[in-house]
Protein chains: 2
Amino acid sequence: MANLKQLAQSLGLSITTVSRALDGYADVSAATRERVREAADKVGYRPNASARRLRRQRAELVAVTLPSDPGHIGPPHFLDMLSGCAEHLAAAGLNLVIAPVPRGESELNICRRFVDGRRVDAMLLVRTKRKDERVEFLQSRGIPFVTNGRTESLLPHPFIDGDGFAGFRAATLRFHAAGHRRIGHIAGPQEYYFAHDRCRGWRAAMEECGLAPDLCAEGAPLEQGGYLAALELLRQPSRPTALVCATDEMAIGALRALREVDGGSQISIVGHDDLPMGAFTSPPLSTMRMTGEHLGASFASLLLRAIAGEPAEELQELHAIEFVDRDSHRRPLKAA
Amino acid sequence: MANLKQLAQSLGLSITTVSRALDGYADVSAATRERVREAADKVGYRPNASARRLRRQRAELVAVTLPSDPGHIGPPHFLDMLSGCAEHLAAAGLNLVIAPVPRGESELNICRRFVDGRRVDAMLLVRTKRKDERVEFLQSRGIPFVTNGRTESLLPHPFIDGDGFAGFRAATLRFHAAGHRRIGHIAGPQEYYFAHDRCRGWRAAMEECGLAPDLCAEGAPLEQGGYLAALELLRQPSRPTALVCATDEMAIGALRALREVDGGSQISIVGHDDLPMGAFTSPPLSTMRMTGEHLGASFASLLLRAIAGEPAEELQELHAIEFVDRDSHRRPLKAA
DNA sequence: CTTGACTCCCAAAACGTTTTGGAGAATCTT
DNA sequence: AAGATTCTCCAAAACGTTTTGGGAGTCAAG
């Protein structure tokens with residue numbers, strides 16, 4: 001309601017003094033500071049954000065690009081992540097703004113608009129592609145950013161990612177150790193780093209075991225994509241006995257395909273992401289998840305450190321993957 | 001990169017003229033306008049957002065409060081809604097910022113911070129409670145806002161909501177018409193308007209049919225809550241033969257309880273929200289959904305009209321509920 | 001030649017803060 | 001008692017826009 005000028009006037013002080021009192025500078029006497037604080041509290045004074053941002057030359061804003069392409073944005077806990085991140089950024093005086101990407105417009109253009117209009121101090125990128133033009137642009141502009149997922153960019157940049165390669169390799173090896181020989185992979189779109197990474201993990205394990213990595217089908221990273229991909233694999237002359245799925249959503253789609261084709265109890269299956277839903281499917285879905293608590297907080301922290309100027313190399317977090325064993329990965333293996 | 005002063009200098013024009021040229025005012029000649037536009041394009045000039053906001057006395061920002069309480073924030077398409085809303089707001093020059101609510105802090109305080117710091121021009125509220133202090137605060141401040149869900153506030157305010165009462169009443173009547181007599185309700189937390197509304201719908205139908213509305217259990221609006229509530233109802237001496245669940249997530253939890261207790265094929269069930277996941281459960285989940293496309297766009301439009309000063313009464317959208325029939329609502333009804 | 005209308009441009013003020021570079025008074029040193 | 005130091009405070013500049021209220025010049029009409 002009130003601004004600094006009015007507050008100062010009502011106190012018989014200068015704007016400067018009031019401002020510095022509220023900011024806790026030492027060159028204002030304790031008595032005055034207290035008096036100012038009380039008055040400010042009483043009238044509910046809050047500094048005008050726009051004015052401060054202009055003066056400080058900081059936007060106090062961080063943007064996260066969000067493709068409006070429905071459903072195509074990651075797991076449900078994505079929202080929790082965002083909210084956690086926003087919360088920790090807020091503690092540092094930064095707000096998180098959504099940079100939606102309208103159909104037909106490129107994510108790159110959106111980044112441009114936000115960066116060149118000095119609307120943000122930093123950016124958060126999700127769903128990275130192997131070759132991600134947003135990353136290159138932000139690097140060229142020198143604006144701090146953190147990605148959720150790695151890229152194949154030549155210059156290092158800050159990221160948080162799960163070690164999908166290791167996770168999917170381990171899951172595949174585990175199926176092999178359990179006696180499976182025809183282990184299929186339901187893959188996500190390979191232009192995304194995470195999908196490619198997970199696919200590579202499966203492939204590496206297959207080759208280590210001397211098995212041909214030929215039971216692989218790609219689909220959209222959602223239930224429907226997993227359903228269709230599973231049907232495709234089940235049509236093969238020699239069906240897989242186990243399926244490693246790029247995401248839980250795809251795994252749940254695949255589960256339905258299995259129910260339709262073989263009654264649902266024959267083929268073992270494992271997903272990735274640990275959706276809450278997975279505990280309630282039939283059979284309960286075995287899955288994997290990135291280790292580490294409070295993902296949002298980590299993003300916020302990395303972002304703040306990037307803004308503070310720490311070098312990219314020190315701002316890279318690769319988290320191990322852990323199994324979440326429920327039932328779907330240990331269907332009885334029929335006659336070897 | 002460049003600001004107005006530099007751009008003006010390089011063109012030999014005044015700041016005023018350059019500014020007005022770019023804003024398309026008529027009092028600058030077509031020739032100059034073109035010259036200015038070209039130069040601006042060439043250096044990639046973008047007005048400094050903070051400066052404009054300060055001068056215009058508009059934040060160009062809309063906030064949506066997001067409880068950081070994990071999982072407690074509505075259906076997955078919530079994110080699509082946000083993103084769609086953000087997109088349409090962006091077309092009007094507004095950005096959507098996330099106002100996270102840290103544990104322990106009230107949503108009211110967050111609203112306060114955003115509103116009193118003049119950080120936003122309007123607010124978007126989700127998951128309304130029957131008695132919602134945020135609504136009262138915003139009304140007292142006279143700041144435009146739209147809620148997702150109604151409240152019991154005395155003053156009217158803009159909202160978008162589904163007619164949960166009618167939907168749940170219809171669903172219950174349908175079960176009755178199919179011969180069910182013991183129809184249970186799995187309810188969400190009653191302080192939320194939507195949960196109370198849906199519960200009222202079920203209760204009304206029961207009473208219309210001359211049935212006692214006593215098979216009702218309340219739980220958290222998630223899988224686990226539905227699971228526990230269903231177990232509770234199944235422990236009753238006379239079990240329900242049909243269940244009407246406040247949300248799909250609760251219904252999916254209930255489905256699991258049914259599987260555990262009676263093999264899963266005896267009791268009919270219906271949820272609400274039309275989660276994509278529902279098509280992939282076993283049995284595929286029958287559900288309801290709010291009619292209307294492009295929810296995000298509607299929110300944006302209402303918000304813009306509220307900002308423009310339209311009265312609240314004209315900014316209320318109550319959408320009908322439609323059935324999405326899959327399998328779970330028509331389990332064979334055993335011996336009447 | 002004056003008047004008015006019109007076209008194109010601009011100087012200056014304003015938005016509300018933070019920060020710079022002191023100023024005046026009181027206290028301490030020597 | 002003079003100089004140095006410390007304590008409080010403040011005027012003014014700056015951040016980069018948008019907007020107000022004209023000011024020249026040109027042209028046509030009277």
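Proteins get letters first, then strands, A, B, ... in listed order; numbering begins at 1 in each.
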Can you give me the first and the last nucleotide of DNA chain C (5' to 3') that has an atom within less than 4.0 angstrom of a non-hydrogen atom in chain A?
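Endpoints of the contacted stretch of DNA chain C: C:dG16 to C:dT20.
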Is there any ring pair (Phe, Tyr, Trp, His ring centres under 6.0 Å) pair reaching into residues 291-318 of chain A, and which pairs are they, with sequence neighbours excluded?
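Sorted pair list comes back empty.
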Pair listing, ring pair (Phe, Tyr, Trp, His ring centres under 6.0 Å) test, anchored in residues 94-118 of chain A, at least two apart
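Qualifying pairs, neighbours excluded: none.
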In chain order, what residues pass the salt bridge (Lys or Arg N to Asp or Glu O under 4.0 Å) check against [X], with sequence neighbours excluded?
X: B:Arg20; answer: B:Asp27
X: A:Asp161; answer: A:Arg150
X: B:Glu105; answer: B:Arg113

Applying side chain to side chain donor-acceptor pair (under 3.5 Å), can you list everything that pairs with A:Thr17, at least two apart in sequence or on another chain?
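Partners of A:Thr17 under the side chain to side chain donor-acceptor pair (under 3.5 Å) test: A:Ser14.
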Under the rule for side chain to side chain donor-acceptor pair (under 3.5 Å), what residues qualify as partners of A:Glu317, not counting sequence neighbours?
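Result, side chain to side chain donor-acceptor pair (under 3.5 Å) vs A:Glu317: A:His319.
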Please list each protein N or O that sits under 3.5 Å from an N or O in nucleotides 8-10 of chain D, with the distance.
unit_1: D:dC9; atom_1: OP1; unit_2: A:Thr32; atom_2: OG1; d: 3.1
unit_1: D:dC9; atom_1: OP2; unit_2: A:Ser29; atom_2: N; d: 3.2
unit_1: D:dC9; atom_1: OP2; unit_2: A:Ser29; atom_2: OG; d: 3.3
unit_1: D:dC9; atom_1: OP2; unit_2: A:Thr32; atom_2: OG1; d: 2.6
unit_1: D:dC9; atom_1: N4; unit_2: A:Asp27; atom_2: OD2; d: 2.9
unit_1: D:dC10; atom_1: OP2; unit_2: A:Ser14; atom_2: N; d: 2.9
unit_1: D:dC10; atom_1: OP2; unit_2: A:Ser14; atom_2: OG; d: 3.3
unit_1: D:dC10; atom_1: OP2; unit_2: A:Thr17; atom_2: OG1; d: 2.8

Contacts of type ring pair (Phe, Tyr, Trp, His ring centres under 6.0 Å), residue B:Phe145, not counting sequence neighbours:
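Ring pair (Phe, Tyr, Trp, His ring centres under 6.0 Å) check on B:Phe145 returns B:His157.
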Return whichever of B:Tyr25 or B:Asn48 has its heavy-atom-nearest nucleotide of DNA chain D closer to the 5' end.
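Its nearest nucleotide lies further toward 5', so the answer is B:Asn48.
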Once side-chain contact (heavy atoms from CB on, under 4.5 Å) is applied, do any residues pair with A:Ala122, and if so which ones, sequence neighbours excluded?
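Counting only residues at least two positions away or on another chain, A:Ala122 forms a side-chain contact (heavy atoms from CB on, under 4.5 Å) with A:Val62, A:Pro144, A:Leu303, A:Ile307.
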What closest approach, in Å, do A:Leu302 and A:Leu315 show between heavy atoms, and which atom pair accounts for it?
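Looking at all heavy atoms of both residues, the shortest contact is CD2-O, 3.6 Å.
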Note the angle between the end axes of the helix from C:dC1-D:dG30 to C:dT30-D:dA1, five pairs defining each, rounded to 10 degrees.
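What I find for the helix from C:dC1-D:dG30 to C:dT30-D:dA1 is an axis angle of 60°.
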